[in-house]
Structures are given as C-alpha cells and as structure tokens.
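Remarks on the structure that follows.
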Amino acid sequence: MARVGVFVCFCGANIADFVDVPAVVEEVKKIREVKYAVYYKYMCSDPGQQIIKDAIAQYRLTSVVVAACSPRMHEKTFRRAVSEAGLNPYLLEIANIREHSSWVHQKNKKAATEKAGDLIRMAVAKSIANEQLHEISVPVTKRALVIGGGIAGIQAALDIADAHIPVVLVERSPSIGGRMAQLDETFPTLDCSQCILTPKMVDVASHPYIELIPYSEVIGLEGYVGNYKAKIKKKASYVNFSLCTGCGACTQKCPVKVPNEFNMGIDKRKAIYTPFPQAVPNKPVIDAEHCNMLLKGKCGICSKVCEKGAIDYTMKDEVIEREIGAVVVATGYDLWDPKPYEEYGVGRFKDVITSLEFERMVSASGPTGGLPIRPSDGKVPKTVVFIKCIGSRDEAKGIEYCSKICCMYTAKHAILLHHKVHDSRAYVFYMDVRAAGKGYEEFVKRAQVETGTTYLRGRVSKIYKMGDKLMVRGEDAQLGQVVEIEADMVVLATAIIPYKTNPALARLLGISYDKYGYLSEAHPKLRPVETAKAGIFLAGCTQAPKDIPDTVAQASACAAKVCGIFSGDALKKDPMISVVNPDYCSGCQNCVQVCPYQAITTEEIPITRGSKETRTVAKINEGVCQGCGSCAAVCRSMAISLKGFTDSQIINEIVSI
Amino acid sequence: METQEKEVKGSVQSAENPGLTAPADWQPVIIGILCNWCSYAGSDLTGTSRIQYPPNIRIIRVPCSSRVDPWFIIKSLQATADGVLISGCHPGDCHYIAGNYYARRRFLVIKNLLNFVGYHENRVQFSWVSAAEGAKFAQVVAKVTDDIKKLGPLHRYKKENF
Amino acid sequence: MIRLGYLEKNTFLEAVNKKSGANVLNCYQCGKCVSTCPVSSYMDYPPRVIMQMIKLGMKEEALKANSMWFCLTCSACSGRCPREIDIPAVMEAIRHIAIEENYVNKTKKVKEIRTFHNIFLDMVKRYGRNYELRMMAEFNIRTRNLFKDMHLAPKALLKGKITIGHEHVKRGKAIRKMYAMADKLEKSQKG
Amino acid sequence: MTKLTYFPGCSAHGTSEEFDHTLKLVMKTLNVELEEIPDWNCCGATSAHVMTENLALSLPLRNLVLAEKLENNTMGIACASCYSRMKSTKKYMDEHPDKAKELTSSVIDEGEYTGKVEIKSMLQFCYEEVGVEKIKSLVKKSLSGLKVACYYGCLLTRPKGVTQFDSPEYPMSMDRIMEALGATAVDFDYKTECCGASFSISRTEVVHLLTGKILEMAKEAGADLIVVACPLCQSNLDMRQPDIEKHLGKKIGIPVMYFTQLMALAFGYPEKELKLSKHIVPVEEALSNIGKVVETPQQPTKTKKAVPSAESEAK
Ligand SMILES: Cc1cc2nc3c(=O)[nH]c(=O)nc-3n(C[C@H](O)[C@H](O)[C@H](O)COP(=O)(O)OP(=O)(O)OC[C@H]3O[C@@H](n4cnc5c(N)ncnc54)[C@H](O)[C@@H]3O)c2cc1C
Ligand SMILES: Cc1cc2nc3c(=O)[nH]c(=O)nc-3n(C[C@H](O)[C@H](O)[C@H](O)COP(=O)(O)OP(=O)(O)OC[C@H]3O[C@@H](n4cnc5c(N)ncnc54)[C@H](O)[C@@H]3O)c2cc1C
Ligand code: SF4
Ligand code: SF4
Ligand code: SF4
Ligand code: SF4
Ligand code: SF4
Ligand code: SF4
Ligand code: SF4
Ligand code: SF4
C-alpha cells in the first residue's frame with residue numbers, strides 16, 4: 001500500500017490569501033493513502049525542504065506530493081530534495097495550486113480552495129502509480145562525420161577537431177573547397193577568397209584529428225545519436241595517393257581534353273586532373289568517363305610518365321565503415337540552369353553568361369587571367385548588363401524563393417568589373433536590392449556611387465542581337481518607360497538550388513527535406529542547425545541559400561552542438577520515454593508511423609518462449625525517443641507506456657476528481 | 001468533487017437531454033489536458049499575470065497533445081467531467097515537430113464519435129495556446145466553461161460503474 | 001494625387017479576378033510585361049500599371065483607359081510573367097466590364113478600334129465569313145477616312161490578293177440565329 | 001492516303017490563295033487528303049473575343065461540332081489566328097463541358113460537341129505528323145543557297161498552355177523544315193514578335209511600327225526572304241511593306257513567302273504553281289540565290305588566343 005506525504009505551501013500570502021490551506025490539509029488527510037500532510041510558509045526554502053526530507057524518513061513515505069507553484073518552477077528543486085532523502089526523484093508529483101488556483105481565482109476563495117483540493121487529490125492519485133525511474137545514459141562514440149567539404153564542412157571539421165575530437169570529412173569531388181574555391185574576391189570586404197580559404201584547406205589536410213576522405217560518398221548510416229555507423233564509398237581514383245607526389249607530369253601529358261567544370265567549362269582540363277592548382281589533396285584522379293585507357297583500353301600514357309608508378313587502372317570502388325557519434329551535413333548548393341529563359345537567348349548567345357562564369361573570369365587564377373572576356377570573340381566587354389533574380393522569385397520558369405546572395409554578389413561583380421575594366425559601364429536590372437547584413441547596404445552603395453553602376457528597377461523581357469551587340473530590353477519601372485541597352489555582355493544572377501542528390505542523401509540519413517530539396521532544420525528559429533534526428537546537424541547552403549559569413553556561423557554552431565554531445569562519456573537522457581511491452585504488441589506498426597523521431601523499429605521475437613517461429617513487434621530505441629507520447633496514444637493494444645505519463649497515471653488523475 | 005446537499009432553487013436544463021435538469025447553482029467539471037511546452041506554460045502565464053477565469057477546470061499535464069489517447073477523453077466523460085479541453089502548441093510550433101497535427105487529426109475522429117453517441121460536440125474542445133498566450137488561455141477556459149454550462153450536466157451512460 | 005484609405009471590399013479586384021481566372025494580387029510589379037508588350041507605348045497605362053490600379057480598386061481610371069483596347073491578345077506578356085498572371089485574360093475582363101458598365105474610352109483611336117470590330121462581327125453575321133476588301137471599305141466609310149489604304153487596293157486587286165466577289169456560309173440563317181441566341185444568353189447571364 | 005480535316009479560314013480564298021494552293025500541292029506529295037469542313041464559318045478571330053464572350057466561343061465551337069461529323073481524328077488549320085481561336089475554344093470546352101452543352105443546345109444548332117478532334121496548325125502537322133525526315137526524303141530540288149528568316153508570329157506557339165507546340169520564345173520547327181529543304185535558316189530574334197495583325201485596318205500606324213521592326217531585323221539577320229505560316233502575317237509583312245518603307249524612309253525589299261510555297265518548290269513543282277505574281281514585294285531575285293554557295297557566318301574561335309590557358313597555369 002502506497003504511503004503518500006503531502007506538503008502544501010503558503011507561498012507567503014500568494015497561496016494562503018486565496019486558498020484556505022489548513023482546510024485543504026485537513027481534507028487531504030482523509031485520503032486513504034495519505035499518511036502525512038502538512039503546510040508550511042515557503043516550501044522551497046531550506047527549512048521547507050527539510051520538512052519533506054524528515055517526513056520521508058519518519059513516515060516511510062513511498063511518494064511525495066508538493067502542492068505549491070508550477071512544476072515548471074520548482075520540480076527540479078523538489079526532485080533533488082526527495083532524492084537526497086533516499087527516495088527515487090521520479091516518485092515526486094507537484095500539484096500546481098498557485099498558477100492554477102490561488103492566482104487565477106482570487107475573487108472566489110471557496111472555489112479556489114475546492115479546486116486546490118482537487119488538484120492535490122489528482123497529484124496523489126497519480127503519484128500512487130509513479131514508478132522509480134533512472135536517468136538513461138547512452139554511450140557515445142566520440143568521432144564526428146562531416147559530409148561535404150565546402151567552407152561549411154571545412155569550418156565545422158576544424159572547430160570540432162580543434163576540440164580534440166576526431167573528424168571524418170567526406171567530400172564527393174576530388175578536392176575540398178566547394179564553391180568558395182571558385183570565387184574571386186568576396187563581399188562585403190572584398191578579400192580574396194583563395195587567400196582566406198587555402199590556409200583552412202591546408203589545415204584540414206594536416207590536422208591530426210581530421211581524416212579527409214575525398215572523392216567519396218556516404219552510402220549508409222545506421223544507429224542513433226552517439227552510436228552511428230557510416231558506410232562510405234570511396235570512388236576509384238586510379239591513382240595511388242600514397243605513392244603519388246602530385247608532380248603533375250601525368251596531367252600534362254594526357255591527350256584527352258574535357259570541359260573544365262571548375263572553370264564552368266570556359267576552358268578544358270585533362271582526363272587525369274587535379275581540379276584546381278590549390279586543390280587539397282593535391283593529387284590527380286582519372287575521370288573514368290573520359291580516359292581512353294579505361295574506356296577503350298588504349299593509351300596508358302599517364303602510367304608511362306609517372307615515375308612513382310602511382311597509376312593503377314585496375315583500382316575498384318571501395319566501401320569502408322566508420323563508427324561515429326554525430327553527423328554534420330554540409331553538402332552546399334548547385335546553380336540553377338537558366339535554359340528556360342529562352343527570351344534571353346540563353347544557349348544561343350555566347351555572351352550571355354552566368355554569374356559563376358563571370359566569377360571565374362574575374363578570378364585572378366581563372367581561365368582568362370582575371371579579365372572578363374566575351375566568349376564569342378575574346379574581346380573585353382565595355383558595357384555589361386547584370387540581371388538579377390534569374391530563376392529566383394520566378395514561379396513560372398524557376399523557383400519561388402529569393403536566393404538571398406545574388407543581390408550582393410551582383411553588386412560585387414559590378415565593382416569587380418570596374419576594377420578590371422576601368423572604362424566599363426555596368427547596368428543592373430533588379431526588382432529589389434536585398435542587402436541586409438553588416439556592411440552590406442554600404443557595399444551596394446559603393447557599387448552605385450563609386451563605380452557609377454546604374455541600377456534599373458525592372459525585369460528584362462528580351463535580349464536580341466544587333467550585329468555583335470546584345471540588345472537588352474526592359475522596363476525601368478521608375479521612369480515608367482521601356483529602355484533598351486546596347487550591351488557587350490550580359491551576366492545572369494542565377495538562382496541557388498540544392499544538389500539533386502540531397503533528397504536521396506536525406507532519406508539515407510533519415511532526415512527530412514523541403515519541396516525544393518533543402519534539408520530541413522528542427523525549428524526555423526530556435527533550432528536552426530539541428531535536424532529532427534538527434535545527433536545530425538546542418539551547416540551552410542544545404543539548409544538554405546546563404547553567404548559565407550552565415551555559412552561559417554552555422555558551421556561553428558554545429559561544431560558547438562557536436563562538442564556538446566561529446567562533452568561526457570555518455571549522453572544523459574530524461575528517463576521519461578516510451579517502452580513497448582512485447583507481450584501486448586500486435587505488430588500493427590501504427591506507432592512506427594507516428595513517431596516524429598523514427599525512434600521505433602521492429603524486431604522479431606519468438607512467438608512463445610523458446611519457439612522457433614517468430615512474430616514482429618515494435619521496439620523503441622531509448623537513445624532516440626524524446627518522450628512525446630504519440631506512440632502511446634495510437635497503440636490500440638496498449639502495449640506502449642510513456643514513463644512518467646503512463647495510462648494508469650493519467651487515468652488515476654482523471655478518476656480522482 | 002465534494003458532493004454537498006444543495007437547496008434546489010431553480011434548475012438547468014440539459015441541451016442534449018431535455019428531460020434532465022440540474023440545480024441552478026450547478027457547476028460543471030471540466031478536465032483540461034495541456035501540453036507541457038506551450039499550453040501548460042501558457043496557463044502558468046495566466047497565473048503569473050493574475051488573469052482570472054472560471055474555476056471549473058482541472059488541469060492535467062502531458063508532454064504533447066499527441067499523447068492524448070481518445071480513451072482519456074472518454075474516461076473523463078464517463079467519470080466526472082462535463083467537458084474536456086485539449087490544448088496544444090500552434091501548428092508548426094510543436095516541440096516534437098508535428099505531434100499536434102496527429103492530435104488534431106485524432107480529435108476530429110473523436111468529435112464524430114461524440115456526435116454518434118449523442119453528446120454535443122462542444123463537450124470536447126481543442127485549442128492552440130502558446131506559452132505566450134496567458135490571456136488567450138483565460139479566454140479559452142471562459143468560453144469552454146460557458147459552452148458547457150449551456151449544455152448542462154452530462155448524462156453519464158455508465159454512471160453506475162463509478 | 002490619389003487618396004487611398006480604408007477599402008472595405010475591393011469589388012473591382014474581385015470581379016476582374018473572377019472573370020479572368022487570374023489573381024491580380026500576384027503581380028509584384030516587375031514590369032516584364034511592359035517591355036514585352038508590343039503596344040504598351042500606345043497604352044494610357046501599360047499592363048503593370050493596370051495591375052496596380054486593379055489592386056488599389058481604381059475602377060473608373062482603369063476602365064476608362066485605352067489599354068485593354070490596344071491589347072492584341074498576343075500572349076507574349078503572360079508567357080513571360082514570373083508570377084504566371086494571364087494578362088490578356090485580365091485585359092479581356094476589364095474590356096468586357098467596361099462595355100457592360102459603359103465606361104468605354106471615348107477617344108478616336110479606341111472608337112476606331114471598336115468600329116472595326118463591329119464591322120467585322122457584322123460581316124460575319126451577314127455572310128458567316130469575312131471579306132477584307134469590303135471590311136476595309138466599310139471601315140473607311142464609317143470612320144470618314146475614305147482614302148485610307150485605298151492606294152493599296154488597286155495593286156492588291158491587280159495581283160489577285162483581294163477578290164471582288166466572296167463566299168457565304170450556305171446556312172446563313174444558322175449564323176444569324178447564333179448571334180441572336182448568344183446575345184440573349186449574354187443578357188440572361190447578366191440579369 | 002491519310003485524311004485530314006481542313007479548316008482553310010476566311011483568307012484562304014482571298015488574300016492567301018497562294019497559301020491554300022501550295023498547301024494542297026504539298027499535301028498531294030505527302031499523300032494527305034484534305035477534307036474541308038462543310039459549311040464552315042468564320043472563327044471570329046480578332047474581333048469576337050474583344051467584344052462578347054458567348055459569341056467568341058460559339059463561332060469556333062460551331063466549326064468544332066461540324067468537324068466532328070467528318071471521320072478524321074485531326075483537323076489542320078491554315079491560319080494562325082483561326083488556329084489560336086479554335087484551339088483555345090477547344091481547350092475551354094474540354095475543361096468546361098457544361099458550357100459546351102449550354103452553347104450547343106441554346107446557341108448553336110448543329111448537334112453535340114464531344115471534343116474528339118485534335119487541332120493542329122498546318123505547320124505543326126508537317127513537323128509532328130509528317131516529320132522532317134520524310135520531308136527531306138521528298139526533296140527533288142534542294143533550296144541550298146537560299147537564306148530564310150522563319151517568322152512564326154505570336155499565335156502559332158502561344159500561349160504555350162493552349163498550343164502545346166514548340167517554344168513560345170524561340171521556336172525551331174519551321175527552321176528545321178526549311179533546313180530539310182536545303183535552305184539555310186538564319187538566326188532571327190524576332191521570330192515570335194507580334195506583327196499587330198488585328199490592327200491591320202483599324203490602327204495601321206501600330207502595324208507599321210511593329211512590322212517595320214520585324215522586317216528590319218530579318219534584313220539585319222541576312223535573310224533573302226521571310227517565311228511565314230499564316231495569311232495574316234503574310235499580308236501584313238508583304239502588302240504593307242511599301243508603306244512601311246515610306247514610313248521608315250528606307251528601302252527594305254524583303255519578300256515574304258509561305259513555307260508551303262517553298263516546300264512545293266523543293267518538291268519539284270514548277271515556279272508558276274507558286275503563284276508568285278501575287279506577291280507585292282517581288283520574290284524572283286531572292287529565289288535566284290538557290291544553288292549559290294552560302295558562306296556560313298564565321299564561328300568565332302573560342303577565347304583561346306586571348307588568354308593564357310589554364311593548363312599552363314596548373315603546372
Ligand atoms: C557567383 C557567386 C558569388 C558569390 N560570392 C560570394 C561572396 O562574395 N561572399 C560571400 O560571402 N558569399 C558568396 N557566395 C556564396 C558562397 O559561395 C556560399 O555561401 C558558400 O560557398 C557556401 O558554402 P557551403 O559549404 O555551404 O557549400 P559548397 O561550397 O557548395 O560546398 C559543398 C561541398 O559539398 C560537396 N558535396 C555535395 N554533395 C555531397 C555529397 N552528397 N557527399 C559528399 N560531398 C558532397 C560538394 O562537392 C562541395 O564541395 C557566392 C556565390 C556565388 C554563386
Ligand atoms: C519590432 C521587432 C519585431 C521583430 N520580429 C521578429 C520576428 O518576427 N522574427 C524574428 O526572428 N526576429 C524578430 N525580431 C528580431 C529579434 O528581436 C532579435 O533577432 C532577437 O531578439 C535578438 O536577440 P539578442 O539576444 O541578440 O538581443 P536582445 O534580445 O536585445 O538581448 C540582449 C540582452 O542583453 C542585455 N544587455 C545589454 N547590454 C548589456 C550589458 N552591458 N550587460 C549585461 N546585459 C546587457 C539586454 O538587457 C538584453 O536582455 C524583431 C525585432 C523587432 C524590433
Ligand atoms: S515552492 Fe513555489 S509556491 Fe512555495 S514558496 Fe516556493 S515559489 Fe512559492
Ligand atoms: S605523375 Fe604520378 S606522381 Fe606525378 S602527379 Fe601524376 S600520378 Fe602523381
Ligand atoms: S590513360 Fe587516360 S588519363 Fe592517362 S593519359 Fe591516357 S587518357 Fe589520360
Ligand atoms: S538575393 Fe536579390 S537577386 Fe537574388 S533572388 Fe533575392 S532579390 Fe533576387
Ligand atoms: S502500435 Fe502498439 S501494437 Fe502496434 S506495433 Fe506499436 S506497440 Fe505494437
Ligand atoms: S514517445 Fe514519441 S519519440 Fe518516443 S518513441 Fe514514442 S513517438 Fe517516438
Ligand atoms: S510581368 Fe506579371 S508580375 Fe510582372 S508586372 Fe507584369 S503582371 Fe506584374
Ligand atoms: S497580350 Fe496584350 S498586353 Fe500582353 S503583350 Fe500582347 S498586347 Fe500586350
């Protein structure tokens with residue numbers, strides 16, 4: 001038989017003025033299981049807590065009810081007190097007679113008193129069904145996996161590794177660096193992208209706590225927070241990296257030329273190539289789709305010229321596994337293909353290019369030596385029209401959202417054009433100038449004032465050719481007139497989109513993604529770097545378009561979260577989670593479907609003890625369950641109980657009124 | 001609830017069951033099942049803001065509105081309650097991602113069930129109250145209490161069981 | 001200056017949306033339609049501005065404009081509108097509302113456009129088909145500009161571009177009945 | 001022999017007799033029999049939809065109903081304007097069967113509408129049903145040496161949701177057919193700009209402006225002649241050209257032919273069958289280019305020489 005102690009608080013006058021506390025205590029004493037009931041002026045004070053502790057010992061209480069303020073206020077305090085007296089802290093219940101009674105029924109002491117009595121009765125009834133619970137401790141593997149080696153992945157990896165936690169960095173392409181490696185100078189400060197990025201890339205390669213696995217992809221992830229196992233496919237590079245010195249003899253001699261994706265196809269690379277001079281690792285790979293040897297079995301030149309014998313045409317893809325405790329996804333972004341803008345002659349007019357192509361041209365290390373050049377005739381353009389929101393904010397041809405960074409990089413491009421071609425003239429067609437960031441509006445102003453770039457409000461409707469000029473027609477909505485600009489070159493600020501591979505990656509990681517393919521955060525404001533799955537975090541443009549400062553901030557936030565998980569040897573978890581009683585489970589899997597955290601899987605158990613035949617039952621992973629109780633509510637077999645909020649606890653409360 | 005001998009001055013007629021009446025000073029019992037993160041916190045705020053509301057509601061805390069098993073509602077009506085209020089986070093704000101959507105969907109089914117057994121659908125109500133909506137919580141309680149008062153005492157099908 | 005204030009219900013917007021099947025509120029004033037439209041320079045207000053007027057409930061101003069009479073229904077603008085607004089349908093809607101509610105623009109140019117359309121429809125009513133030379137002549141008579149385009153006629157006639165006689169629909173009665181019935185239907189729909 | 005329901009439109013027997021005639025020649029070679037809709041009426045193009053709703057739908061609908069009485073599944077339409085009216089009416093009726101019922105029962109007295117007949121423009125028919133390969137195989141006299149600018153106008157490909165044919169911005173079907181005949185189709189950015197056809201009579205100044213620009217651009221593109229697939233386009237570009245020249249104060253002199261005229265020529269019909277005398281701007285000179293060698297415009301070599309290559313840098 002339960003032995004309950006009830007401790008009713010005055011809260012000075014806060015409760016006592018509006019609830020007849022002594023009367024309540026007398027009333028409560030009538031409950032069969034209540035072996036002791038008392039009131040005190042300030043229950044949370046040290047003497048108040050002492051009263052509880054003493055009573056537990058004296059009356060051999062099996063559970064405790066404190067009738068005071070909201071559990072959100074002092075539940076922790078009283079749990080501590082109870083456990084100091086040797087009672088399991090989860091045998092405590094709180095009756096909220098302040099926020100829910102004395103403060104809200106101040107004009108009706110009788111009703112408030114009666115209600116307080118009911119609330120205590122309910123808490124007593126619940127406490128009788130309380131069970132001893134123990135904090136769950138989940139062991140963790142202190143190693144993080146970072147997927148994607150753009151600036152987001154690089155920053156997250158370095159921050160985590162600097163905390164002396166091992167990191168596995170998996171990058172799909174032959175080198176880390178991502179899009180930032182393709183950029184020239186960067187807004188809003190115009191520092192050179194390569195100059196600030198390259199040292200970080202080198203740090204990654206040389207960091208004792210980072211294992212860099214380039215040219216690879218994650219193909220599987222099992223487990224839960226603290227205890228994941230990742231499968232990683234290393235694509236065959238046909239170059240033995242441990243032998244290769246990166247001398248580059250092979251890339252020079254290879255006869256096969258392929259459009260160079262790093263330079264947006266402006267120039268060519270070889271079939272064996274390092275994507276760019278500062279690549280990390282600085283070792284070549286063979287592009288199997290274009291190598292003559294691999295395609296037709298003829299050539300083998302690279303192997304002949306390689307003094308180290310590093311070339312291995314027989315190399316195969318390889319799958320490796322790593323045990324890890326947390327994941328940072330940083331797979332970045334792709335650029336929207338502007339082909340649907342037929343009215344701009346995309347694809348037909350060589351001198352209508354995209355912003356990233358322009359970026360590569362003005363980049364000092366780029367294919368044109370840092371000068372913008374008309375692809376059609378190699379001439380340096382004098383009049384350049386920049387058109388913003390290409391594919392962005394265009395439901396008809398592209399996507400609805402704003403790509404966030406193109407206003408800024410277009411201002412940058414106008415400035416860079418001016419720097420590279422002094423007598424040039426830039427026009428920018430815009431609908432809005434979105435420059436919300438530190439120093440951003442000032443930067444746009446610099447483009448408008450210092451470089452004399454003309455901003456025209458309107459969307460361009462057509463580009464056509466007159467001789468070797470491009471005629472750009474649009475409305476200047478401020479003038480209310482149609483204008484036509486005779487341009488040498490047109491630069492389209494194409495939308496940022498997630499990689500097409502993102503949804504497949506999300507499914508394999510068990511996280512969600514939005515209708516565009518961006519990976520979804522757990523809460524847009526308060527949990528922006530977490531996913532709904534514990535232990536998986538998001539950094540950079542894989543979550544939404546953003547610039548470098550935001551990307552880096554998010555990456556560092558991910559690192560802090562990862563370090564938080566790894567701060568102890570085990571993860572401590574609230575024990576108020578759900579458990580399945582397999583005896584009752586019918587295997588309907590209703591629970592599996594409603595669990596927002598995918599905490600429920602199924603397992604096969606013998607039909608009866610020792611039997612060979614099996615049946616399917618639900619199984620809740622205590623490392624993953626967050627204790628929402630959705631599953632308990634849908635289980636028709638009543639096989640699931642949510643500890644701390646079991647059916648019998650709640651029903652007890654209901655029927656005790 | 002205390003059962004006291006009351007002097008019968010007038011009477012309240014049940015809207016569902018016109019044959020049934022109750023004493024004029026009859027007070028309904030309402031059970032409120034609130035999610036911990038939004039509505040319970042909101043009801044706390046009502047308290048800290050000292051906003052007054054009718055004293056008929058008895059609050060039960062659950063982690064999420066999705067924890068609310070339809071059985072709890074039926075049990076409440078069978079036992080003592082004349083009405084039930086379930087309140088959770090606003091759509092999109094659920095602490096557990098989407099629990100309140102499940103709850104909402106389940107709630108629609110319960111309404112149909114209530115109609116089927118002949119209870120007025122206002123006996124069981126659902127609301128969204130955030131942690132910041134102390135005043136709204138008071139309004140919701142006042143409205144629910146008012147609605148239930150209009151409906152009169154609940155005719156319990158299985159009263160003999162209790 | 002235009003004074004704006006509390007607008008309880010923008011019935012004009014609602015009527016245009018309903019008639020056109022478009023949602024004018026979608027327009028974000030990018031102006032792509034304006035520079036696309038081959039005749040925007042002839043319009044009192046180009047399409048973008050018409051959209052804004054509808055949004056603001058400026059019924060009279062919009063209905064009295066010549067814009068919708070100049071719209072050629074070429075669909076170039078709607079093919080490019082980033083918010084997928086069927087602009088010619090909006091133009092058609094306000095044209096019909098202007099006719100119904102007697103707001104039609106009174107300038108000579110619009111009158112001539114309407115005269116042409118009326119002649120065209122009359123011609124079809126009479127013969128079931130249209131006939132350019134006759135249409136041209138009639139237009140010139142009705143607009144009191146007898147010699148407009150007449151310099152083209154001899155050459156065109158000579159080259160056989162235009163013929164003197166023309167064909168009729170055999171069951172002309174059927175066509176005339178159609179006109180009457182369509183007209184009746186139009187009226188019943190309004191009433 | 002394939003059969004095709006044919007809607008010639010009001011111009012076929014007037015301004016565009018040469019279109020009608022050569023179309024029939026071409027169809028003969030392609031082994032297609034044209035079956036004209038009996039007692040068809042004007043589709044109301046350019047005017048009906050401007051003024052009235054129900055009439056605008058009823059005029060084309062009567063033709064659709066009559067067309068269903070023939071056994072063919074497809075109807076070919078010569079004029080772009082008629083094509084647009086008929087096809088958009090069909091789309092509307094297919095989406096609003098109630099309206100179709102209302103009109104066929106109360107306004108038009110020709111029977112039910114079921115929507116079973118497909119509508120294609122004659123250009124679309126040649127491109128989609130016949131195909132470029134077949135056309136190529138039938139060429140007897142190559143048109144090589146002839147540079148043409150294909151002008152589609154607005155209504156053959158727009159709005160996309162109605163026509164479901166080719167690109168609304170830069171269509172290539174006619175260009176491909178011309179190439180199959182051996183001609184060179186030049187890049188022409190004004191392919192789908194509106195010529196203002198519906199203002200041909202009432203607002204001639206608009207037509208002068210719009211058409212003038214189209215003619216200039218075709219000239220600019222280096223074309224010997226403009227090819228069209230619509231009688232309204234043809235008469236606007238051809239008949240009004242002298243006026244436009246006066247208006248612009250310069251000579252353009254670019255002839256305007258139907259694609260069917262050129263197909264007929266390439267299929268081996270003698271020039272007199274093309275009814276060239278009907279053209280206001282003479283075509284003979286342009287046609288005399290057939291057989292001459294065309295210099296293809298120099299493809300400017302890539303940026304190579306101008307810039308240091310990335311390879312040298314990669315070292
Ligand atoms: C033209 C242009 C100019 C810009 N200029 C500026 C500027 O001046 N200033 C500024 O602040 N920002 C600028 N930006 C924005 C900047 O590029 C981004 O903010 C930044 O690069 C985002 O970094 P990221 O790491 O999120 O993505 P990314 O750089 O795209 O890196 C993602 C990495 O993940 C890899 N990856 C993708 N999928 C997988 C997978 N499934 N498995 C393994 N690896 C994968 C990719 O190969 C890539 O290396 C510009 C952008 C553009 C387009
Ligand atoms: C009208 C308005 C509406 C908004 N709406 C939204 C919205 O809908 N969504 C959204 O995402 N954001 C919104 N925001 C922005 C949002 O308020 C901020 O992003 C957010 O509050 C910033 O939080 P913070 O902690 O940086 O700053 P603060 O909230 O300002 O907190 C700073 C704290 O530091 C204390 N403090 C200051 N100096 C000292 C000192 N020297 N020593 C000790 N303490 C100090 C201050 O007292 C204060 O408590 C809105 C802002 C405004 C003005
Ligand atoms: S326990 Fe709560 S109610 Fe009691 S004195 Fe402390 S704060 Fe006040
Ligand atoms: S030649 Fe050999 S060592 Fe040199 S870069 Fe190529 S593979 Fe490496
Ligand atoms: S074997 Fe392949 S990669 Fe090597 S040189 Fe030949 S083509 Fe190039
Ligand atoms: S950031 Fe600027 S350019 Fe880019 S989509 Fe948004 S508004 Fe358009
Ligand atoms: S809902 Fe209940 S019965 Fe069904 S699988 Fe889950 S635990 Fe088993
Ligand atoms: S309590 Fe919630 S999180 Fe835990 S298993 Fe059940 S549904 Fe999933
Ligand atoms: S193109 Fe569309 S969105 Fe832009 S101004 Fe015109 S109607 Fe509005
Ligand atoms: S449909 Fe009308 S408004 Fe649109 S571009 Fe053509 S003429 Fe202009």
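Chain identifiers are assigned alphabetically (A, B, ...) following the order of the sequence lines, protein sequences preceding nucleic acid strands; residue numbering begins at 1 within each chain.
- Contacts between D:L155 and chain C at a heavy-atom distance below 4.5 Å involve the side chain alone, from C-beta outward.
- At a 4.5 Å heavy-atom cutoff, the contact between D:I108 and chain C is made by backbone and side-chain atoms alike.
- Each of D:G153, D:C43, D:S106, D:S84 has some count of heavy-atom pairs under 4.5 Å with chain C, and the biggest count is that of D:S106.
- To the nearest 0.5 Å, atom CG of residue D:L59 and atom NZ of residue C:K125 are 11.5 Å apart.
- No other option in D:N41, D:D109, D:V107 has as many heavy-atom pairs under 4.5 Å with chain C as D:V107.
- Ranked by non-hydrogen atom pairs under 4.5 Å with chain D, the options C:L121, C:I99, C:N118 are led by C:L121.
- Test D:L210, D:L209, D:V206 against C:P38 for side chain to side chain contact (heavy atoms under 4.5 Å, CB included) and you get one pass: D:L210.
- Contacts with chain D (heavy atom to heavy atom, under 4.5 Å) involve these residues of residues 10-30 of chain C, listed by number: C:K19.
- D:N54 contributes atom CG, which lies 11.0 Å from atom CE of C:M181 (distance to the nearest 0.5 angstrom).
- No more than 12 heavy atoms of other residues, nucleotides or ligands lie within 6.0 Å of CD in D:E112, so this atom counts as exposed by the packing criterion.
- When the heavy atoms of residues 158-171 of chain D are compared with those of chain C, the residues falling under 4.5 Å are D:R158, D:P159, D:E169, listed by number.
- Taking D:E110, D:E193, D:K213 one by one and counting their heavy-atom pairs under 4.5 Å with chain C, the maximum is reached by D:E110.
- Annotation for C:K173: atom NZ does not count as buried by contact number, only 12 or fewer foreign heavy atoms lying within 6.0 Å.
- Contacts of D:E205 with chain C are made by both backbone and side-chain atoms, with heavy-atom separations under 4.5 Å.
- Within residues 59-81 of chain C, the residues that have a heavy atom under 4.5 Å from a heavy atom of chain D are C:W69, C:F70, C:L72, C:T73, C:C74, C:S75, C:A76, C:R80, listed by number.
- Proximity to chain D (any heavy atom under 4.5 Å) is shown, for C:E112, by both the backbone and the side chain.
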Given D:R203 and C:V39, is the side-chain contact (heavy atoms from CB on, under 4.5 Å) satisfied, shown in steps?
CA-CA 11 Å; D:R203 290 260 60 85; C:V39 287; over 6 Å; no

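- For C:I113, the parts lying near chain D are the backbone and the side chain together; criterion is any non-hydrogen pair under 4.5 Å.
- Scanning for side-chain hydrogen bond (donor to acceptor under 3.5 Å, both in side chains) contacts around C:K111 gives an empty result, with sequence neighbours left out.
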